[in-house]
Amino acid sequence: MRSRNPVFSRRGFSRDNGYAGFNTAPQAGGPAVATQGNPYAQPTGDQYAQNPYAQNPYAQQDLQYGAPPQAPATTGRMTIDDVVLRTASTLGVLILTAALSWALLPIDDANISRSYGIGIGAALIGMVLAFAQSFKRKASPALILTYAAFEGVFLGVVSNIVDNRIADGAAMQAVIGTMAVFTGVLIAYKAGWIRVNRRFYGFVMAAALGFILLMTVNLLFAVFGGGDGLGFRSGPLGIVFGVIGIILGACFLALDFKQVEDGIAYGAPREEAWLAAFGLTLTLVWIYMEFLRLISILNSSD
């Protein structure tokens with residue numbers, strides 16, 4: 001979990017050895033943790049050369065008064081329960097603010113411009129907060145939850161507009177689609193049908209970079225040229241790119257699951273669970289928005 005950019009480097013990749021789980025695995029049958037490719041392990045030092053647990057900076061040691069080294073304790077390390085709890089907290093804040101903005105920001109003809117402006121403003125603030133957290137060395141729970149709150153305001157406004165003005169029931173369909181993708185990728189990952197390795201990572205990052213660049217160019221053409229830009233978000237091309245966006249989101253989920261798995265296996269500190277929750281939230285928001293766009297395009301084509 002070296003790089004903090006959740007879009008282009010996915011925090012599970014270390015600067016020196018690639019992805020934590022690509023080169024080595026935790027040593028079986030012993031308490032020590034492999035150091036090669038493990039971003040949470042430290043190379044053995046002089047005074048700790050005889051201590052097999054000194055390789056793990058998060059293992060408790062008792063070297064005073066000649067006491068033998070103790071087995072590494074799990075206190076303070078990330079667990080799956082930590083990830084689930086923090087992800088639930090982050091998504092809970094997002095859903096709450098989305099529901100409040102849906103209920104409190106009217107989208108009738110007299111107020112839709114104001115409500116949409118508030119939603120766009122919240123999205124921009126959320127983007128700034130997301131980038132701020134992405135490049136921080138440590139997780140900031142307050143920053144992550146604040147991001148979730150502003151992102152929820154944006155999602156609530158956009159979902160309300162699409163649901164009531166473009167496609168009735170679109171928001172619920174997008175939620176169901178997002179849940180289905182999450183469940184399907186989780187099952188496929190746990191069953192070993194998806195193998196997250198360096199090649200997989202490189203392919204996903206290259207595809208995501210190309211996708212984001214195309215969408216940015218399309219947005220610029222739409223802003224300065226008017227209309228739908230290059231047509232990547234409308235008509236048949238819009239449907240194709242919507243499906244590609246959902247597939248990319250599913251690939252990001254697999255990377256997120258790998259990050260969580262490696263963090264637990266290599267004894268990551270508990271605060272890393274907030275980063276895992278942050279990454280999962282970003283990915284789920286991505287998938288939800290792609291579903292919402294796709295449903296809008298399909299209904300506008302009727």
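Position 1 is the first residue of the sequence, and the numbers go up from there. All of these numbers come straight from a predicted model, not from anything done at the bench.
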Going by side chain to side chain donor-acceptor pair (under 3.5 Å), name the pairs with one or both residues in residues 179-189, residues two or more places apart or in two chains.
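Listed once each, the pairs are Tyr189-Glu261.
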Per the side chain to side chain donor-acceptor pair (under 3.5 Å) rule, what does the pair list look like for residues 142-151, sequence neighbours excluded?
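Listed once each, the pairs would be none.
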Whether [X] side chain and [Y] backbone form a donor-acceptor pair below 3.5 Å:
X      : Y      : answer
Gln133 : Ser140 : yes
Ser159 : Gly156 : no
Asp163 : Ala171 : yes

If you take all heavy atoms of [X] and [Y], which pair is closest and at what distance?
X      : Y      : result
Glu271 : Ala139 : O-CB, 3.6 Å
Ile287 : Ala250 : CD1-N, 4.1 Å
Ile107 : Asn160 : CD1-O, 3.3 Å

Is it true that the side chains of Asn164 and Asp168 contain a donor and an acceptor less than 3.5 Å apart?
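Their side chains do not contain a donor-acceptor pair, so the 3.5 Å distance test is not met.
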Between Asp108 and Arg165 (salt bridge meaning N to carboxylate O under 4.0 Å), is one present in this structure?
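Looking at Asp108 and Arg165, the cut-off is not met.
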Tell me every residue that passes ring pair (Phe, Tyr, Trp, His ring centres under 6.0 Å) with Phe182, counting only those two or more places apart in sequence or in another chain.
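For Phe182, the residues satisfying ring pair (Phe, Tyr, Trp, His ring centres under 6.0 Å) (neighbours in sequence not counted) are Phe257.
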So Phe252 and Trp286, would you call those rings parallel, tilted or perpendicular, with 30° and 60° as cut-offs?
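The rings of Phe252 and Trp286 stand perpendicular, inter-plane angle above 60°.
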Hey, are the side chains of Asn218 and Phe241 touching, using non-hydrogen atoms and a 4.5 Å cut-off?
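In short, these two side chains do not touch, never coming nearer than 4.5 Å.
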